[in-house]
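Okay, so here's the structure we're looking at.
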Amino acid sequence: MRFIWRSGGSIAGCKETLMTPIAKILLLGSGELGREFVIAAKRLGAYVIACDSYANAPAMQLADASEVFSMLDGEALAAVIEKHRPDHIVPEVEAIRTEVLKDYEDRGFSVVPSARATQLTMNRDRIRDVAAQELGLVTSRFLYAESREEMREAVAKIGIPCVVKPVMSSSGKGQSIVTAEGAIDAAWDYAVDGMRGDRQRVIVEAFIAFDYEITLLTIRTRQGVIFCEPIGHRQERGDYQESWQPTPMSKKALAAAQDMARKVVDNLGGYGLFGVEFFVAGEKVIFSELSPRPHDTGMVTLISQNLTEFDLHARAVLGLPIPHIHLNGAAASAVILADRHAEAFRFEGLEDALAPVDGVETDVRLFSKPVTRPNRRMGVSLALARDGTSETARAAARAAAAKVRIVYTDSEE
């Protein structure tokens with residue numbers, strides 16, 4: 001397998017060079033996480049085809065090739081796999097016709113981390129059943145509902161307050177807390193509006209009075225399972241707003257989280273990075289969710305670690321060695337959000353956002369999304385306090401994010 005790369009200072013004077021890539025990767029989903037994965041994979045010599053349901057998605061802008069289609073269209077998905085015959089199929093989104101991936105895995109294709117993992121984790125109900133029933137992990141009490149009336153019955157059994165989530169969604173869409181009986185109908189409607197895929201089903205969970213929540217980035221490699229330092233995070237509307245690393249945990253709580261994470265990723269199989277989420281209440285650790293791919297809260301690793309979560313995922317997928325993972329210092333990330341729909345806009349304030357303050361280093365990643373919409377994540381700020389605390393880094397990241405302004409230029413044209 002060889003591909004032609006062009007090198008040189010200009011199109012007219014460039015040279016064509018045949019280069020054999022380390023692997024051909026079909027990336028299913030081309031958002032900001034996929035964009036950073038493309039960067040990591042291409043640094044290691046991979047050839048990447050980025051796919052999404054719309055053109056010019058963030059990862060497509062940096063990939064070697066791209067395809068636009070709905071990944072819930074099984075025939076279209078199969079056609080793209082047949083066209084490119086990749087060495088690795090790497091899902092980056094939840095809404096995929098996973099039975100097609102299972103079929104191709106059975107034919108000998110590598111699905112990351114495994115077709116079974118994609119089938120289970122694309123649906124909150126399936127991974128929750130494995131965690132609670134097969135593996136005996138500590139979870140919140142929960143029930144499922146497939147109609148408004150079933151949800152009313154589930155809420156009555158679970159009790160108020162409770163959390164309602166679609167079994168398939170992304171970035172917390174459709175998630176809400178029911179605090180009164182009169183809010184049940186609105187929670188159902190919000191969940192249905194935020195659903196992905198074609199399954200109208202919700203999970204109703206008992207509300208947990210946790211002290212904090214973490215993401216434990218867990219890497220399953222051919223040499224065994226390794227962990228990053230736990231990442232703390234804060235959410236609004238079910239979507240992450242800021243994350244920080246490290247987050248203080250007792251040795252007992254951390255050991256419990258690592259034990260549960262190891263059990264679930266070994267059960268799912270395959271190789272790659274998993275974002276495993278936990279609630280922590282005192283010494284008690286409660287399994288929440290799992291993503292078989294880089295996690296949005298893990299964007300803090302773009303500044304916090306010697307290897308980012310995307311580097312780790314790429315190495316695990318490609319079977320390359322992973323050295324000791326170490327922190328550069330206390331670090332944090334904060335999101336940069338849009339507040340309206342627009343197709344014409346620009347960013348201002350980068351000079352102020354990137355200026356170091358009181359010894360804290362800052363950075364910004366803009367995702368190059370082609371359009372904005374309310375609460376859409378358009379970028380992230382990063383802060384590193386090498387000799388400071390996570391709180392210092394969090395404050396700096398929030399301040400940097402606030403300095404980046406989205407100027408909507410539709411009205412200027």
Side-chain angles (χ1 to χ4, degrees), residues 31-44 58-59 62 171 212-219 226-235 239-249 273 275 291 293-316 322-337 347 349-369 377-404:
E32 59 263 35
L33 301 179
R35 181 183 178 91
E36 294 294 337
F37 175 76
V38 168
I39 294 171
K42 286 188 61 60
R43 282 174 173 164
L44 296 173
L62 302 175
S171 301
Y212 56 97
E213 53 187 326
I214 66 161
T215 302
L216 186 63
L217 297 178
T218 304
I219 309 98
I226 55 179
F227 304 97
C228 297
E229 289 289 326
I231 297 171
H233 53 91
R234 180 181 64 83
Q235 299 186 37
D239 199 5
Y240 117 95
Q241 302 298 301
E242 58 175 331
S243 62
W244 55 93
Q245 190 185 31
T247 192
M249 289 185 73
L273 180 140
S291 298
R293 66 189 72 85
H295 200 272
D296 50 8
T297 62
M299 282 193 279
V300 67
T301 63
L302 290 166
I303 199 169
S304 66
Q305 297 183 167
N306 59 318
L307 290 172
T308 73
E309 64 171 342
F310 310 100
D311 297 323
L312 295 168
H313 194 43
R315 289 194 182 207
I322 294 176
H324 172 70
I325 304 168
H326 63 81
L327 292 180
N328 299 320
S333 71
V335 298
I336 299 167
L337 301 177
F347 293 94
L350 285 177
E351 183 175 354
D352 292 336
L354 294 172
V357 179
D358 297 327
V360 179
E361 303 166 31
T362 57
D363 204 348
V364 171
R365 297 287 192 278
L366 300 179
F367 302 146
S368 296
K369 295 181 178 179
R377 195 162 53 221
M378 304 301 294
V380 66
S381 67
L382 304 163
L384 175 65
R386 293 186 185 274
D387 300 315
T389 65
S390 295
E391 288 301 319
T392 301
R394 288 177 65 185
R398 290 193 299 267
K403 293 173 183 176
V404 179

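Numbers for residues simply follow the sequence, beginning at 1.
When every heavy atom of V360 is checked against every heavy atom of A383, the shortest pair comes out as CG1-CB, 4.0 Å. The two residues A59 and V38 have their closest heavy-atom pair at CB-CG2, 4.0 Å. Here the shortest heavy-atom pairing between P230 and I214 reads CB-CD1, 4.1 Å. Minimum heavy-atom separation, V380 to I336: N-CD1, 3.9 Å. Residues A334 and A397 approach most closely at CB-O, 3.6 Å, considering heavy atoms. Closest of all the heavy-atom pairs between C228 and L216 is O-CD1, 3.6 Å.
For the pair R293/L33, no side-chain contact is recorded, criterion being any heavy-atom separation below 4.5 Å from C-beta on. Two residues are said to be in side-chain contact when any heavy atoms from C-beta on lie closer than 4.5 Å; V404 and S381 fail this criterion. In this structure, V335 and Y240 have side chains that are in contact, with non-hydrogen atoms separated by less than 4.5 Å. No side-chain heavy atom of E36 sits under 4.5 Å from any side-chain heavy atom of T308. Looking at heavy atoms from C-beta onward, P248 lies out of side-chain contact with Y212 at the 4.5 angstrom threshold. Between Q245 and S390, the closest side-chain pair of non-hydrogen atoms is not below 4.5 Å. Side-chain contact between L312 and I325: present, with at least one pair of heavy atoms (C-beta onward) separated by less than 4.5 Å.
In the displayed structure, R43 atom CZ is contacted under 6.0 Å by at most 12 heavy atoms of other residues, nucleotides or ligands.
Among the candidates R398, H233, Q235, the single residue satisfying the side chain to side chain donor-acceptor pair (under 3.5 Å) test with E242 is R398.
Checked by atom type and distance alone, the side chain of T215 never pairs as donor or acceptor with a backbone atom of I231 at under 3.5 Å. Looking only at distances, a side-chain donor or acceptor of T362 sits under 3.5 Å from a matching main-chain atom of A353. No side-chain donor-acceptor contact under 3.5 Å links E309 to the backbone of L273. Here the side chain of T301 pairs no donor or acceptor atom with the backbone of S304 at under 3.5 angstrom. Using modelled atom types, no side-chain atom of T297 and backbone atom of H295 make a donor-acceptor pair closer than 3.5 Å. Side-chain atoms of D363 never come within 3.5 Å of backbone atoms of L382 as a donor-acceptor pair (strictly under, hydrogens ignored).
Separation of atoms OG (S291) and CG (D296) is listed at 7.5 Å; rounding is to 0.5 Å. A distance of 9.5 Å separates NE2 of H326 from CD of Q305, quoted to the nearest 0.5 Å. Note that CD of Q241 and CZ of R234 are 5.5 Å apart. Values are rounded to the nearest 0.5 Å. Note: D239 CG to R377 CZ = 5.0 Å, rounded to the nearest 0.5 Å. Residue F310 holds its CZ atom at 6.5 Å from CE of M299, rounded to the nearest 0.5 Å. The CG atom of N328 lies 8.0 Å from the CD1 atom of I303; values are rounded to the nearest 0.5 Å.
A side-chain donor from one of T389 and T392 sits under 3.5 Å from a side-chain acceptor of the other.
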(message) Walk me through whether E32 and R35 qualify under salt bridge (charged side-chain N to carboxylate O under 4.0 Å, His left out).
(response) CA-CA 5 Å; E32 59 263 35; R35 181 183 178 91; over 6 Å; no
